[in-house]
> 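Quick one: the structure is below, and I'll ask about it shortly.
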Amino acid sequence: MEKTGNVNWEFATIMKHTLDILAIVDQNQLVKYVTPSLAAILGYETEDFMGKNAFDLLHPEDRDRMIASHNRVILTKEPMVNEYRVFHKNGGIVYLESRVMPVQNHLDNLVVVSIRDITARKNMENELENRKTRYQVLQNKLKRYSQDLSSVMKVSDLNNRLIIELKSVLPNSDPKMTVYHRESKRFEGDAVLGLSSFLSKVTVGKLRYDNEQIHILIGDYKEKAYILTIKAPSISESMDAIWFETLIYYTVMAFESLNVIENLMNQLEKALQKNERPQWILRLLFNLSEKQRMELSSDLHETVLQNQLALYRNLEAILKDHHFDNEMDDQLKGIVQGLMDTIHQIKMTCNELRPPLLKEVGLIRSLENLFDYTQLSSAFKITFTTEQAHNLELSEEETIGMYRIVQELLNNAVKHSEAAQLYFHLYRQAEKLHLHYSDDGKGFATEKLTPSFKSMGLSGMRERVQSLNGTIEFFSKPGNGLSVRVQIPIHA
């Protein structure tokens, strides 16, 4: 008797102090026994639960699933593990994990349920998932914004596009663009409080905090300063802050580019007094464009790409140094994979802006690399042949010019041609370099070189060839594909 009493006392002590909930439930789903830890996890006393239906507290979306699981344990006599949600006495949601084990050969088909509170783990998993989703949204938004900047031609359009982006991603930011006339020292419209003192100590593109606001000088145009203001509390997460700084960086670069190009175009229009653009002007514009592409590629590589690589390495180190359960480990690996995809996309963008080693490996090798890369993601087949092109020596301007022409032909094929076969033939004859292109796509009427001609990028190709003092001819009919012949003089 004494031994039995000691055992009962020890059992009662264990049940009283265990951190998990232990419960015994019969085949009618009624609670026969539950440990006092119920109060610590769900806020209920044991007497509140004894004799009640074990599934009354479950979240409605999980109840039927858990009842079916309970019946399956009774039927199969095999233990099962489940995760589900339960209402705390205070009304909150608690995530639980239970292991249900049948009591063998019992008339009432009792089951023993070991229940663990996994709310902290589930909250962390949900937070990781929300951060992953937010990160993907920000990356996609930034990608779309950077693409849209290529079609923006006016400062007003750039400002409007920036405001739209901020309202979309940071809905509580209340963005405002204020214009300050430096010559007359006045603001247009209702000026944001504190901007006057801000202007005296500001640097273009730098964030300046003023109480609950952030001011950024986007740039100057025609003696006007353009100042963006947003509400500081709208940026609460570090990833939002990184996204915002990158967005401003893109915007400032686009603003400066528009400023330079628009000023230059105004001067040129006054000088030319006609619509035709001489070769030297085209060369100047294309050289400026290539310089900006090179600078943007370099800046992306040195800033955004390096930041992404640092995040990737940090996450890799966390996965290596710490052990997580399978589900959380999968979540973290998913984020790592997302970072790898983003890094790859940035590298591809840098390569498109400025093809790597174009000058070092030469035109032919660079075109081969371009065709190989394009072929991976395209439905058409590319055939590239050369003739009398060994030891081909071109200037950097000629090399990049011909490379961009081929790029535009590929873009046209991807977007418009619906072709199955593309043919490129490059050869040298005397002091001229010839490029013949043809495809079996849907073609178009060459006598109607109007909006469709411009939208296909072919007019830009013609100006590119003209800047190199070359000639270009287009041959096409609806249903008969497109043929293009280009020749440029070589000045090695």
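Positions are given from 1 along the sequence. Nothing here was measured: the structure is a model prediction, and the numbers come from that model.
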> Check whether any side-chain N or O of Ser234 sits under 3.5 Å from a backbone N or O of Leu170 as a donor-acceptor pair, and report yes or no.
no
> Do Gln421 and Asp440 get their side chains close enough for a donor-acceptor pair, meaning under 3.5 Å?
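Distance-only check fails for Gln421 and Asp440.
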> Report the relative orientation of the aromatic rings in Phe424 and Tyr437; use parallel for angles under 30°, tilted for 30 to 60°, perpendicular for over 60°.
tilted
> With heavy-atom distances below 4.5 Å as the criterion, would you say the side chains of Leu42 and Val94 are in contact?
yes
> Just to verify, what does Ala232 make a side chain to side chain contact (heavy atoms under 4.5 Å, CB included) with, not counting sequence neighbours?
Tyr209, Ile214
> With Tyr95, which residues qualify under ring-ring contact (aromatic ring centres under 6.0 Å, His included), at least two apart?
none
> Does Trp243 offer a backbone N or O that forms a donor-acceptor pair with the side chain of Gln139 under 3.5 Å?
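No; judged by distance alone, with no hydrogens or angles, the pair does not exist.
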> Are Leu370 and Val406 close enough, and set up right, to give a side chain to side chain contact (heavy atoms under 4.5 Å, CB included), and what steps lead you there?
CA-CA 9 Å; Leu370 175 62; Val406 172; 4.2 Å; yes
> On the 0 to 90° scale, with breaks at 30° and 60°, tag the Phe87-His59 ring pair as parallel, tilted or perpendicular.
parallel
> Partners of Asn28 by side chain to side chain contact (heavy atoms under 4.5 Å, CB included), sequence neighbours excluded?
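Side chain to side chain contact (heavy atoms under 4.5 Å, CB included) list for Asn28, sorted by chain: Asp26, Leu30.
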> When you measure from the side chain of Thr251 to the backbone N and O of Leu247, does any donor-acceptor pair fall under 3.5 Å?
yes
> So, are Lys122 and Glu125 salt-bridged, with charged N and O less than 4.0 Å apart?
yes
> Judged by atom type as modelled, is there a donor-acceptor pair below 3.5 Å linking the side chain of Gln375 to the main-chain atoms of Ile382?
yes
> Do Glu408 and Arg404 pass the salt bridge (charged side-chain N to carboxylate O under 4.0 Å, His left out) test, and can you show the C-alpha distance, the side-chain angles, and the key distance before you say yes or no?
CA-CA 6 Å; Glu408 198 57 60; Arg404 295 298 187 203; over 6 Å; no
> Near Arg85 CZ, under 6.0 Å, is it more than 12 heavy atoms from other residues, nucleotides or ligands?
yes
> Quick one: does Leu162's side chain get under 4.5 Å of Met177's, heavy atoms only?
yes
> Crowded around Arg65 CZ? As in, over 12 foreign heavy atoms under 6.0 Å?
yes
> Under the ring pair (Phe, Tyr, Trp, His ring centres under 6.0 Å) criterion, do Tyr250 and Tyr145 qualify, and how do the steps go?
CA-CA 9 Å; Tyr250 282 175; Tyr145 182 77; 7.1 Å; no
> Less than 3.5 Å apart, any donor N or O on the side chain of His88 or Asn90 sitting next to an acceptor on the other?
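Side-chain D/A pair, His88 to Asn90: present.
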> Where the side chain of Ser146 meets the backbone of Lys143, is there a donor-acceptor pair that is under 3.5 Å apart?
yes
> Would you name the heavy atoms of Arg121 and Glu97 that are closest together and state the gap between them?
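Arg121 and Glu97 have their closest heavy atoms at NH1-OE2, 4.0 Å.
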> Can you list the residues that meet the side chain to side chain contact (heavy atoms under 4.5 Å, CB included) rule with Arg131, with sequence neighbours excluded?
Glu127, Glu237, Met239
> Do the non-hydrogen side-chain atoms of Ile24 and Val31 ever get within less than 4.5 Å of each other?
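With C-beta onward as the side chain, the pair stays apart.
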> Give the intermediate values and the outcome of side chain to side chain contact (heavy atoms under 4.5 Å, CB included) for residues Tyr44 and Val34.
CA-CA 11 Å; Tyr44 296 94; Val34 64; over 6 Å; no
> Between Asp439 and Leu422, is there a donor-acceptor pair closer than 3.5 Å when you use the side chain of the first and the backbone of the second?
no
> Do you know which two heavy atoms are closest between Tyr33 and Met50, and how far apart they sit?
CA-SD, 3.7 Å
> Mind listing the closest non-hydrogen atom pair of Val103 and Val112 along with its distance?
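Distance-wise, the nearest heavy atoms are CG2-CG2, 3.8 Å.
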> In plain terms, say whether Arg72 and Glu78 are close enough for a salt bridge, that is, a side-chain N and a carboxylate O under 4.0 Å apart.
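Looking at Glu78 together with Arg72, the answer is no, because their closest N to O distance does not fall below 4.0 Å.
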> Can you tell me if NZ on Lys167 sees more than 12 non-hydrogen neighbours from other groups inside 6.0 Å?
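Open.
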> Find out whether Leu228 and His215 are in side-chain contact, i.e. whether some heavy atom of one side chain is under 4.5 Å from a heavy atom of the other.
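The answer is no, as the side chains (C-beta and beyond) never meet within the 4.5 Å cut-off.
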> Between Ile74 and Val111, is any pair of side-chain heavy atoms under 4.5 Å apart?
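SC-SC contact between Ile74 and Val111 confirmed.
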> Taking Ser114 for the side chain and Leu22 for the main chain, is one N or O donor matched with an acceptor at less than 3.5 Å?
no
> Hey, does the side chain of Asn259 reach the backbone of Asp220 with a donor-acceptor pair shorter than 3.5 angstrom?
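Pair found, side chain donor or acceptor close to backbone of Asp220.
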> Do NZ/NE/NH1/NH2 and the carboxylate oxygens of Asp174 and Lys176 come within less than 4.0 Å?
yes
> With distance as the sole test, does Thr246 use its side chain to make a donor-acceptor pair with the main-chain N or O of Ile242 at under 3.5 Å?
yes
> Is any side-chain heavy atom of Leu110 closer than 4.5 Å to a side-chain heavy atom of Lys32?
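In short, these two side chains touch, coming nearer than 4.5 Å.
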> What are the two closest heavy atoms between Leu58 and Ala54, and how far apart are they?
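Residues Leu58 and Ala54, closest heavy atoms: CD1-O, 3.8 Å.
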> I'd like to know if the side chain of Ser98 reaches the main chain of Val100, judged simply by a donor and an acceptor atom lying under 3.5 Å from each other, with no hydrogens or angles considered.
no
> Should we count NZ of Lys231 as having more than 12 external heavy atoms under 6.0 Å?
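Atom NZ in Lys231 is not packed in, count stays at 12 or less.
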> Is the CG atom of Leu107 crowded by more than 12 outside heavy atoms at less than 6.0 Å?
no
> What closest approach, in Å, do Tyr403 and Leu363 show between heavy atoms, and which atom pair accounts for it?
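Smallest interatomic distance, heavy atoms only, reads N-CD1, 4.0 Å.
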> Please list, chain by chain and in numerical order, all residues satisfying salt bridge (charged side-chain N to carboxylate O under 4.0 Å, His left out) with Asp240, sequence neighbours excluded.
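Per chain and number, Asp240 pairs via salt bridge (charged side-chain N to carboxylate O under 4.0 Å, His left out) with Arg134.
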> Any non-hydrogen side-chain atom of Ser378 less than 4.5 Å from a side-chain atom of Val414?
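Yes, close enough: below the 4.5 Å cut-off.
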> Starting from the C-alpha separation in whole Å, work towards a yes-or-no answer on side chain to side chain contact (heavy atoms under 4.5 Å, CB included) for Tyr84 and Arg63.
CA-CA 8 Å; Tyr84 52 96; Arg63 189 174 297 142; over 6 Å; no
> Is there a side chain to side chain contact (heavy atoms under 4.5 Å, CB included) between Ile41 and Leu96? Walk through the geometry before answering.
CA-CA 10 Å; Ile41 294 178; Leu96 299 178; 4.1 Å; yes
> Using the test side chain to side chain contact (heavy atoms under 4.5 Å, CB included), find all partners of Glu223 that sit at least two apart in sequence or belong to another chain.
Arg182
> Of all heavy-atom pairs between Leu410 and Thr374, which one has the smallest distance, and what is that distance?
CD1-OG1, 3.8 Å
